[in-house]
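Structure record follows, encoded as structure tokens.
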Amino acid sequence: MDCTYRKLLKIHLVTSTESLEFTHLARALSQSSLVGLDAEWKPQRSHQSNFPRVSLLQLACQPGPRFNPEWDESNASVVFLLDLSSIPLPSIWELLKELFVSPDILKLGFKFKQDLIYLSSTFCSQGCDIGFDRVEPYLDITSIYNHLHHKQLGRKLPKETKSLANICKELLDISLSKELQCSDWSNRPLTEEQKNYAAIDAHCLIEIFNIFQVKVAQKGFAAGNSCSSISELDSSNLDLGLKGILEKPDIGNKTVRFKLCEALDIIRATSYYSQCSPEGVVTRVSYLNTMPMDESLVKIVRNYGEKILLRECDKAPKTSKKKGKKRSSVIVDSREKRLDDIGDWQGPPPWDLSLGGDGYPKFLCDVMVEGLAKHLRCVGIDAATPRSKKPEPRELIDQTSKEKRVLLTRDAKLLRHQYLIKNQIYRVKSLLKNQQLLEV
């Protein structure tokens with residue numbers, strides 16, 4: 001990731017509702033009409049009866065000049081990392097629920113439904129019985145990508161969804177490293193690398209949307225009726241009574257549409273933030289004092305907006321109905337332990353002089369540690385990468401055997417082929433490239 005790109009981001013780690021960072025969060029959400037959502041959790045290596053617990057929630061905000069007079073490019077984006085392992089979850093449940101359903105904030109995500117399922121389960125386990133069941137208005141990055149590259153050309157949408165890293169490379173020309181995606185997000189404290197990774201993952205959603213918004217404005221993707229097209233109306237028509245409107249049907253629809261949308265703006269900006277008690281006393285209950293979206297966002301929501309709705313069946317982990325597939329956790333754990341043991345280095349490498357080698361180390365880095373190959377070459381070690389982008393295990397084994405290399409991988413499944421190329425597969429345990437280099 002470009003260092004300049006990182007410097008443009010302001011990252012706040014929120015560990016308490018009493019902290020200054022939490023105050024900044026509430027203020028930023030109130031000033032933003034666009035928020036990128038992402039979540040991280042400790043990956044599960046085998047099937048579990050419960051959903052994983054979400055450890056971190058990322059909120060990327062883009063406060064605009066409409067809300068902040070001091071707005072400029074240097075403070076255009078800010079990312080908040082909510083440490084759900086430290087914050088009492090009931091204390092932020094109301095804030096997040098309001099954010100997820102606020103009509104004044106367009107939420108962005110990349111396949112966020114799964115994140116929402118895990119997030120809802122995490123909050124339910126901590127006393128928030130309702131959890132979360134919807135996000136709207138919402139726009140998925142995959143939908144944006146499809147609209148940009150397929151829909152307007154009249155082509156069918158692709159069956160396979162591109163990864164976020166590929167979309168970022170194509171649209172933003174940045175390399176989004178996914179090395180830390182499978183790291184243990186439950187460990188504390190988080191490393192600086194984890195913080196940067198999490199922040200960039202959420203922030204890039206806003207960057208991609210901004211490109212889409214510009215395209216919409218330039219090419220008229222979202223052309224449609226404007227909710228507040230005052231220029232279409234003669235000012236005298238707005239003061240017409242019902243009789244006058246009925247007598248002039250050509251201007252009736254325009255007048256009604258303008259008045260209706262004007263009223264909706266007022267309702268959305270006021271009623272959402274207050275609640276009437278049984279005694280008739282109006283009390284303020286909202287964390288977010290937002291304002292309606294501007295016209296360009298309203299058009300996009302109207303034409304492309306989506307929503308995520310969780311059903312009851314989504315809130316329970318799916319169990320396999322196939323007989324004979326269920327294995328005890330003891331068997332699974334023992335098998336994984338055997339694979340870990342196989343990954344430990346045993347015996348001489350193929351370049352060893354006793355085996356007829358030349359004494360010079362040679363490695364083949366699979367796609368999971370492809371970046372390690374560059375680091376190895378920088379220190380003078382012969383390191384190759386697979387010939388194809390998505391090699392099959394047999395291809396990797398053949399290349400390793402023919403070129404007398406050691407295959408470096410993080411994929412435990414490849415260790416099952418150890419018997420085919422003895423002492424030529426090593427499972428890299430470290431996650432970061434620098435640590436991997438030292439390990440190798």
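The structure presented is a predicted model; accordingly, all values stated were derived computationally and were not measured.
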Query raised in the report: Okay, side chain of Ser125, backbone of Thr122: is any donor-acceptor separation there less than 3.5 Å?
Result: yes
Report summary line: Across all chains, not counting sequence neighbours, the side-chain contact (heavy atoms from CB on, under 4.5 Å) partners of Pro52 are Trp41, Gln44, Tyr118
Query - From CD1 (Ile308) to CZ (Arg134), nearest 0.5 Å - result: 11.5 Å
**Report entry** Sequence-distant partners of Tyr138, ring pair (Phe, Tyr, Trp, His ring centres under 6.0 Å), two or more places apart
**Finding:** none
Query raised in the report: Can we say Arg387 and Glu403 salt-bridge, meaning some charged N sits less than 4.0 Å from an Asp/Glu carboxylate O?
Result: yes
Report summary line: Contacts of Asn210 meeting side-chain hydrogen bond (donor to acceptor under 3.5 Å, both in side chains) (sequence neighbours excluded), chain-then-number -> Gln62
Which atom pairs, donor and acceptor, lie under 3.5 Å between side-chain atoms of residues 363-380 and protein residues at least two apart or in another chain?
{"residue": "Asp366", "atom": "OD1", "partner": "Met368", "partner atom": "N", "Å": "3.1"}
{"residue": "Asp366", "atom": "OD1", "partner": "Val369", "partner atom": "N", "Å": "3.4"}
{"residue": "Asp366", "atom": "OD2", "partner": "Thr409", "partner atom": "OG1", "Å": "2.5"}
{"residue": "His375", "atom": "ND1", "partner": "Gly371", "partner atom": "O", "Å": "3.3"}
{"residue": "Arg377", "atom": "NH1", "partner": "Ala383", "partner atom": "O", "Å": "2.6"}

Query raised in the report: Out of curiosity, Ile141 CD1 to Ser163 OG, how far, rounded to the nearest 0.5 Å?
Result: 13.0 Å
Query raised in the report: Residues two or more places apart in sequence or in another chain: which of them pass side-chain hydrogen bond (donor to acceptor under 3.5 Å, both in side chains) with Ser296?
Result: Gln213, Asp294
Query - Any residue meeting side-chain hydrogen bond (donor to acceptor under 3.5 Å, both in side chains) with Gln126, in chain and number order, not counting sequence neighbours - result: none
Query raised in the report: With sequence neighbours excluded, what pairs up with Phe100 under the ring pair (Phe, Tyr, Trp, His ring centres under 6.0 Å) test?
Result: Phe132
Query raised in the report: Pairs in or reaching into residues 162-193: which pass ring-ring contact (aromatic ring centres under 6.0 Å, His included), with residues at least two apart or in two chains?
Result: Trp185-Tyr197
Requested in this report: Return the set of residues passing side-chain hydrogen bond (donor to acceptor under 3.5 Å, both in side chains) with Asp133 (not counting sequence neighbours), or none when no residue passes.
Outcome: none
Query - Inter-residue atom distance Glu170.CD - Lys162.NZ, 0.5 Å rounding - result: 4.0 Å
Query raised in the report: To the nearest 0.5 Å, what is the distance between CG (Leu96) and CD (Glu94)?
Result: 10.0 Å
**Report entry** Summary of salt bridge (charged side-chain N to carboxylate O under 4.0 Å, His left out) pairs that have at least one residue in residues 186-197, sequence neighbours excluded
**Finding:** Asp83-Arg188, Glu192-Lys195
Query raised in the report: Of all residues at least two apart in sequence or in a different chain, which pass the ring pair (Phe, Tyr, Trp, His ring centres under 6.0 Å) check with His12?
Result: His24, Phe80
Report task. Evaluate the side-chain proximity of Lys107 to Pro137: yes if any heavy-atom separation is below 4.5 Å, no if none is. Result -> yes
Report summary line: Those residues at least two apart in sequence (or on a different chain) that pass side-chain contact (heavy atoms from CB on, under 4.5 Å) with Ala316 are none
Query raised in the report: Rounded to the nearest 0.5 Å, how far apart are CZ of Phe123 and CG of Leu84?
Result: 5.5 Å
